[in-house]
Amino acid sequence: MKKFSLLLIAAIAMFSCQTNKTYKISGTVADPAYEGKNVYIQEMAANEMIPVDTAVVTNGAFTFEGQADSTVLRFIALDETVNPQKPSRVLTVLEPGNIDVRFDSTITVAGSKLNDDYNTFRKEEEKLSKDLRAVSQKYRELASAGLMTDSIDAELNAEFDEKSADLTTKTADFIKTNIQNPLGQFLFMTSAEMFKPETQKEILALTDDTYKSRENIQRIVKRLENAENVAIGKKFKDFTMKDPNGNDVSLSDYAGKGKVVLVDFWAAWCGPCVAEMPNVVAAYNNYKDKGFEVVGVSLDREKEQWLKGIKDMNMAWPQMSDLKFWETPVVELYAFRGIPHTVLLDGEGTIIAKDLRGAELHNKLNELLGN
């Protein structure tokens with residue numbers, strides 16, 4: 001009898017271990033347009049979504065069941081052809097337990113601890129993102145109506161910067177807390193560019209060599225190394241492209257030869273570049289006879305558009321491009337992810353400032369070269 005009891009206990013324990021690996025996803029879809037349509041569990045592989053399981057929306061609900069030997073990330077996705085303009089995919093942590101997914105006015109995932117934590121974070125992220133869009137919309141509307149003043153401009157920019165910093169901090173904190181699990185590791189891989197190099201290094205210091213050796217993470221590590229190579233206080237890194245006439249031209253043809261040089265990474269298709277260019281033109285015209293030079297480095301891909309941009313915006317300084325768009329090697333060499341991006345060099349070719357805009361550029365040039 002005692003032996004039978006021990007065997008029964010062992011069998012129950014074994015069964016419990018097996019069932020502890022089971023997950024069940026119970027989902028609901030509020031939009032009746034998805035009735036009878038497929039729902040997928042998708043795995044991201046080589047930047048492609050691969051379906052690994054399929055269910056059907058029946059009476060506004062769907063169910064998945066399976067085994068999760070370890071915590072893995074998957075996407076739950078509705079049929080995107082039903083409403084291409086509406087979000088229909090959500091990142092989900094597959095781990096043992098009951099997981100509840102709701103596609104409504106917002107998408108929520110709950111049930112397991114990690115899904116609950118991520119859902120809370122996503123709500124904060126979505127609110128801040130909505131607030132940022134509202135500030136941007138208000139700015140555009142006032143500017144278009146001619147109602148923008150210096151005080152309103154400063155106020156809206158300060159509000160935008162505050163909310164943006166809050167979003168960045170909350171994202172970094174969530175990643176740091178979860179960097180040892182697949183969710184935190186995935187979020188860092190996909191959002192690293194929103195963080196300053198110091199924050200990226202801080203997060204990477206929390207990971208092991210296996211994670212750092214991943215191809216996507218190695219790109220981040222390499223970019224951080226490149227950023228250090230072009231940090232303020234370092235000498236410029238040389239590169240060679242073609243000028244508008246098709247001749248080879250190098251940054252070293254201008255940098256480090258006694259003049260203060262502004263390296264301006266721009267493109268004719270870039271709205272913010274076009275908006276900032278009159279300020280660069282004014283700075284060039286004011287200081288070109290006092291030892292100032294601008295070197296334009298275009299990320300265009302169509303030569304005609306590039307040349308038209310130079311002419312239309314009265315850019316009378318040296319220009320170069322390899323017409324490779326974002327594939328140009330200078331993007332990695334100078335470790336930037338957005339344009340306009342500027343690098344200011346002193347007469348010796350040392351980097352002394354970056355991304356000076358508007359009055360900041362004029363003030364710096366006045367400091368270096370005088371009125």
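This chain uses plain numbering: 1 for the first residue, then up along the sequence. The structure presented is a predicted model; accordingly, all values stated were derived computationally and were not measured.
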- Query: Would you call K257 and E348 a salt bridge, using N to O less than 4.0 angstrom?
  - Reply: no
- Query: Closest heavy-atom contact between R74 and L94?
  - Reply: CG-CD1, 3.6 Å
- Message: Give me the atom names and distance for the closest heavy-atom approach of E293 to Y284.
- Response: OE1-CE1, 3.5 Å
- Message: Any non-hydrogen side-chain atom of L344 less than 4.5 Å from a side-chain atom of K354?
- Response: no
- Task: Grab the two heavy atoms, one from K235 and one from I351, that are nearest each other, plus how far apart they are.
- Result: O-CD1, 4.3 Å
- Query: From M241 CE over to D248 CG, what is the distance, rounded to the nearest 0.5 angstrom?
  - Reply: 11.5 Å
- Message: Applying salt bridge (Lys or Arg N to Asp or Glu O under 4.0 Å) as the test, list every pair that has at least one member in residues 312-326; sequence neighbours left out.
- Response: K308-D312
- Using a strict cut-off of less than 4.0 Å between a Lys/Arg side-chain nitrogen and an Asp/Glu carboxylate oxygen, indicate whether E367 and K364 qualify as a salt bridge. yes
- Message: Is it the case that atom CD in E332 sees more than 12 heavy atoms from other parts of the structure closer than 6.0 Å?
- Response: yes
- Would you say K212 has more than 12 foreign heavy atoms packed within less than 6.0 Å of its NZ? yes
- Q185 versus I179: any side-chain heavy-atom pair under 4.5 Å? yes
- Any side-chain donor paired with an acceptor under 3.5 Å for D116 and N119? no
- Quick one: closest heavy-atom pair of F186 and L73, and the distance? CB-CD1, 3.3 Å
- Task: Would you please say whether a donor-acceptor pair under 3.5 Å links the side chains of D153 and N157?
- Result: yes
- Query: Can a salt bridge be assigned to the pair R337 and E193 using a cut-off of 4.0 Å between side-chain N and carboxylate O?
  - Reply: yes
- Kindly determine whether E126 and K130 satisfy salt bridge (Lys or Arg N to Asp or Glu O under 4.0 Å), including the steps that lead there. CA-CA 6 Å; E126 289 169 3; K130 182 179 179 180; over 6 Å; no
- Task: Only counting residues at least two apart or in another chain, list the ones meeting side chain to side chain donor-acceptor pair (under 3.5 Å) with K290.
- Result: none
- Task: Hey, can you tell me if Y334 and F239 have their rings parallel, tilted or perpendicular (30° and 60° cut-offs)?
- Result: perpendicular
- Salt bridge present between K86 and E80 (N-O < 4.0 angstrom): no
- Message: Is the positively charged end of R122 above the ring of Y118, judged by distance under 6.0 angstrom from the centroid and angle within 45° of the axis?
- Response: yes
- Indicate the ring-plane relationship of Y287 and F292, choosing parallel, tilted or perpendicular according to the 30° and 60° boundaries. perpendicular
